[in-house]
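What follows is a single structure, written as structure tokens, with notes after it.
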Amino acid sequence: MADKKPAPAAAPADAAAKPKVPLVPIIGAAVGSAVLVAGIMFFMMPKPAHAPAEGDEAAEGAEAEEGEDGAPKPETRYIEVKDPLVVNLTGGSAKYLQVQIQLATKSEEGQKAIETHLPAIRSGLLVMFRQLTNEELSQPDIMVTLQEKALGETNKVLEAETGKKDTVTALLFTSFVTQ
């Protein structure tokens, strides 16, 4: 019986507790993710502008943007009226109108005039919007009508202040809320 060898000792507890982690799927997932991100970045990057060749449609479009005398058209400048215009509607109800607007002009001089006289513009628009009723605001084309009226009111205020006509070329509603 002495010939019997003792049973080999069990593997240490450390080796039994560590499961083998397959590296191939983990490495494959990492490489696949990197390729996916690189592909998305490649297609989402802006393309560089190329110089149009003679007779190219882009060149013709650039010529169309010039004025009649060959000078480039002035760039439109947008001036945001920071605070919304909020008024109570007439008609006895507790309803109100809140609008956020931006004004467009074609010149730096016009931009300066708008910024200088913005309190007078706001006041004129508030008076105009205050005269609206809830029934008028329920009309389907009211936003277009109000844009035209507000543009006229804005230019009227600027003409009274500066003596120049049609300083503002467009008035845009960026928010229009009634309650």
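Counting from 1, the numbers follow the sequence of the chain as shown.
A distance of 11.0 Å separates CG of Leu171 from CD of Glu148, quoted to the nearest 0.5 Å. Taking CD of Gln98 as the start and CG of Leu85 as the end, the distance is 9.0 Å to the nearest 0.5 Å. One distance of note links OG1 of Thr167 with CD of Glu161; it measures 11.0 Å at 0.5 Å rounding. Here the straight-line distance linking atom OG1 of Thr178 with atom CG of Leu89 works out to 7.5 Å at 0.5 Å rounding. Put simply, CD on Gln147 and OG1 on Thr154 are 11.0 Å apart, with the number rounded to the nearest 0.5 Å. Atom CG of Leu172 sits about 9.0 Å away from atom CD1 of Ile101, to the nearest 0.5 Å.
Defined by atom type and a distance below 3.5 Å, a donor-acceptor pair is present between the side-chain atoms of Gln179 and Tyr96.
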field: Steps toward side-chain contact (heavy atoms from CB on, under 4.5 Å) verdict (Val144, Leu146)
entry: CA-CA 5 Å; Val144 174; Leu146 280 180; over 6 Å; no
field: Lys156 and Glu159: CA distance, side-chain angles, deciding distance, salt bridge (charged side-chain N to carboxylate O under 4.0 Å, His left out) verdict
entry: CA-CA 5 Å; Lys156 184 174 94 174; Glu159 184 178 353; over 6 Å; no
field: Working for side-chain contact (heavy atoms from CB on, under 4.5 Å), residues Val86 and Phe129
entry: CA-CA 9 Å; Val86 182; Phe129 289 140; over 6 Å; no
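Within the structure, every pair that satisfies the salt bridge (charged side-chain N to carboxylate O under 4.0 Å, His left out) test and touches residues 110-129, not counting sequence neighbours, is listed here: Glu108-Lys112. Legend: salt bridge (charged side-chain N to carboxylate O under 4.0 Å, His left out) pairs involving residues 170-179, not counting sequence neighbours: none detected.
In this structure, the side chains of Asn155 and Lys165 stay at 4.5 Å or more apart for every pair of heavy atoms. Contact annotation: the side chain of Leu132 never approaches that of Val87 to less than 4.5 Å [non-hydrogen atoms, C-beta and beyond].
A donor-acceptor pair under 3.5 Å is formed between the side chain of Ser33 and the backbone N or O of Ala29. Using modelled atom types, no side-chain atom of Gln111 and backbone atom of Thr105 make a donor-acceptor pair closer than 3.5 Å. Checked by atom type and distance alone, the side chain of Arg130 pairs as donor or acceptor with a backbone atom of Asn88 at under 3.5 Å.
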Under 3.5 Å, which donor-acceptor pairs do the side chains of residues 133-142 form with other protein atoms, sequence neighbours left out?
from	atom 1	to	atom 2	distance (Å)
Thr133	OG1	Glu136	N	3.2
Glu136	OE1	Thr133	N	2.9
Ser138	OG	Glu135	O	2.6

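For Ala160, there are no side chain to side chain contact (heavy atoms under 4.5 Å, CB included) partners at least two apart in sequence or on another chain. Residues passing the side-chain hydrogen bond (donor to acceptor under 3.5 Å, both in side chains) test with Thr76 are Lys106, sequence neighbours excluded.
Hydrophobic clustering (side-chain heavy atoms under 4.5 Å, transitive across Ile, Leu, Val, Met, Phe, Trp, Tyr) groups Leu23 together with Val31. In the hydrophobic clustering of ILVMFWY residues, with side-chain heavy atoms under 4.5 Å counting as a link, Val177 and Met128 come out apart.
In the hydrophobic clustering (ILVMFWY side chains linked at under 4.5 Å, chained through shared members), Val24 stands by itself.
Of the candidates Thr116, Asp166, Leu103, Ile121, Ile121 is the only one forming a side-chain contact (heavy atoms from CB on, under 4.5 Å) with Leu158.
Closest heavy-atom contact between Met143 and Phe173: O-CE1, 3.6 Å.
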